[in-house]
There are 2 protein chains.
Amino acid sequence: MSIATLQADTLAQRLADSGLRATPQRGVVYDVLLRKRDHPTADEVFARVKAERPTISLATVYNCLETLVSCDLVRTVHFERGPTRYCPNLRPHAHFHDERTGKTHDIDLPPALLEKVKSILPEDYDAKSVEIIFRGKARN
Amino acid sequence: MSIATLQADTLAQRLADSGLRATPQRGVVYDVLLRKRDHPTADEVFARVKAERPTISLATVYNCLETLVSCDLVRTVHFERGPTRYCPNLRPHAHFHDERTGKTHDIDLPPALLEKVKSILPEDYDAKSVEIIFRGKARN
DNA sequence: CAACCAATTGGAATGATTCTAAGGTGCAAG
DNA sequence: CTTGCACCTTAGAATCATTCCAATTGGTTG
């Protein structure tokens with residue numbers, strides 16, 4: 001059973017909540033993101049999806065990714081000068097970008113710290129999201 | 001006296017430290033960044049610089065910005081799907097991106113908090129830099 | 001002065017993303 | 001049902017930001 005099947009109701013649910021349809025393309029794109037959580041680019045997602053659905057177009061992959069983001073099932077990450085990367089991890093987390101390997105790791109963000117970080121904002125600033133990106137090297 | 005003049009020695013110093021020349025183009029680009037700290041894009045910097053140095057090319061602006069970044073006099077900020085933006089604020093700070101106005105504000109980052117944030121990293125992760133981006137609306 | 005390396009320039013090339021127009025799909029009302 | 005319509009997908013063109021390239025200019029050093 002594919003991972004997406006386990007999550008299919010979640011996906012269908014979220015899409016329905018936004019008045020959108022649960023199309024096969026959206027299902028496969030989401031499944032691909034869940035299966036290999038290495039923060040792929042749209043092109044990489046396209047390549048993976050194509051393996052099991054050869055007729056899909058790049059434009060559709062962009063559309064599906066955008067849809068998933070708008071449903072809060074996926075978030076985007078941006079490293080300098082690079083293409084957008086996609087992350088299906090819904091828990092609050094930071095990203096560590098390893099300069100040596102080019103890989104990105106999710107770092108769990110304790111709720112208390114998240115609050116503390118938000119507290120540096122002046123009264124009249126209302127943050128809807130916080131993104132924390134580390135850059136450096138991971139030893140080993 | 002231009003702002004750059006005040007900082008000219010800083011700039012020349014930093015460039016020299018990296019074995020680079022203090023060219024007029026670099027001076028003007030840096031001056032423009034210091035004068036209006038609104039996180040401009042390369043195109044915006046180009047437009048501003050052109051006003052006082054009409055013969056400069058866009059490629060040179062990109063080159064100068066890259067040089068300033070490599071000297072640690074300027075840092076880059078990235079918001080989703082947008083062009084790179086440049087920031088001459090050297091103090092540790094986060095960025096708040098106002099969705100309503102599209103403007104970006106610097107938020108001072110207390111050193112203690114910065115440490116606390118870094119402390120969520122596992123032992124073997126060595127972060128060279130941390131970037132914190134808030135997104136939301138500023139009331140008023 | 002000569003030689004050399006650094007820096008600038010304009011234009012071409014690249015890469016990522018968005019746009020557009022045309023065709024397909026599925027639900028809903030009659 | 002079956003027709004209409006809004007949603008989706010698709011291919012390819014267009015756009016935007018950035019980088020590359022090759023030629024020229026400029027400054028420094030021997």
Side-chain angles (χ1 to χ4, degrees), chain A residues 11-12 14-32 39-50 52-71 73-87 102 104, chain B residues 11-12 14-32 39-50 52-71 73-87 102 104:
Chain A
L11 173 58
R14 289 290 184 102
L15 288 168
D17 289 353
S18 304
L20 302 169
R21 290 184 196 154
T23 68
Q25 288 88 341
R26 286 169 180 169
V28 179
V29 167
Y30 189 42
D31 191 35
V32 154
H39 308 85
T41 64
D43 266 329
E44 287 163 351
V45 172
F46 180 48
R48 292 172 198 179
V49 168
K50 232 180 174 180
E52 59 191 277
R53 192 160 240 284
T55 61
I56 201 169
S57 77
L58 177 57
T60 299
V61 169
Y62 272 104
N63 290 339
C64 291
L65 288 170
E66 162 60 23
T67 299
L68 294 173
V69 168
S70 75
C71 291
L73 283 171
V74 169
R75 46 188 270 212
T76 58
V77 206
H78 295 263
F79 302 113
E80 22 217 274
R81 260 146 249 224
T84 302
R85 292 175 172 279
Y86 297 87
C87 173
T104 299
Chain B
L11 173 58
R14 289 290 185 105
L15 287 168
D17 289 351
S18 306
L20 301 169
R21 290 183 195 154
T23 68
Q25 288 88 341
R26 286 170 180 167
V28 178
V29 167
Y30 189 42
D31 193 34
V32 155
H39 308 84
T41 64
D43 267 327
E44 286 163 352
V45 172
F46 180 48
R48 292 173 198 177
V49 167
K50 233 180 173 177
E52 59 192 276
R53 191 160 240 283
T55 62
I56 202 169
S57 77
L58 177 57
T60 299
V61 170
Y62 271 104
N63 291 339
C64 292
L65 289 170
E66 163 59 23
T67 299
L68 295 173
V69 168
S70 75
C71 292
L73 284 171
V74 169
R75 46 188 269 212
T76 58
V77 206
H78 295 264
F79 303 113
E80 19 217 277
R81 261 145 249 224
T84 302
R85 292 174 173 279
Y86 297 86
C87 174
T104 300

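In this text, all values refer to a predicted model and were calculated from it rather than measured experimentally. Note on naming: letters A, B, ... go to the chains in the order of the sequence lines (proteins, then strands), and numbering restarts at 1 for each one.
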With rounding to the nearest 0.5 angstrom, report the [atom1] to [atom2] distance, [X] to [Y].
{"X": "Asn63(B)", "Y": "Thr67(B)", "atom1": "CG", "atom2": "OG1", "value": "6.5 Å"}
{"X": "Cys87(B)", "Y": "His39(B)", "atom1": "SG", "atom2": "NE2", "value": "4.0 Å"}
{"X": "Leu68(A)", "Y": "Thr76(A)", "atom1": "CG", "atom2": "OG1", "value": "12.0 Å"}
{"X": "Leu73(A)", "Y": "Leu15(A)", "atom1": "CG", "atom2": "CG", "value": "7.0 Å"}

Heavy-atom contacts, protein to nucleotides 8-19 of chain C, under 4.0 Å, summarised as B (base), S (sugar-phosphate only) or - (none) per nt, yield SBB-----SBBB
Interatomic distance, Leu65(A) CG vs dT9(D) P [rounded to whole Å]: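 Result: 12 Å.
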key: Spacing between Glu66(A) atom CD and dT9(D) atom P, to the nearest angstrom   =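 Going from Glu66(A) (CD) to dT9(D) (P), I get 13 Å.
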Item checked: Main-chain N/O of Val49(B) paired with Glu52(B) side-chain donor or acceptor, under 3.5 Å -> no
| said: I need the full list of salt bridge (charged side-chain N to carboxylate O under 4.0 Å, His left out) pairs touching residues 74-84 of chain A, with sequence neighbours left out, sorted by first then second residue. | reply: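 Residue pairs passing salt bridge (charged side-chain N to carboxylate O under 4.0 Å, His left out), neighbours aside: Glu80(A)-Arg135(A), Arg81(A)-Glu66(B).
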Atom pairs under 3.5 Å, N or O on each side, protein against nucleotides 26-30 of chain D: can you list them with distances?
none

Going by atom types only, do Thr60(A) and Ser57(A) share a side-chain donor-acceptor pair under 3.5 Å?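 A pair is found: one side chain offers a donor N or O, the other an acceptor, under 3.5 Å apart.
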- Item | Close side-chain approach of Thr41(A) and Tyr86(A), heavy atoms under 4.5 Å |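 Of all side-chain heavy-atom pairs linking Tyr86(A) with Thr41(A), none is under 4.5 Å.
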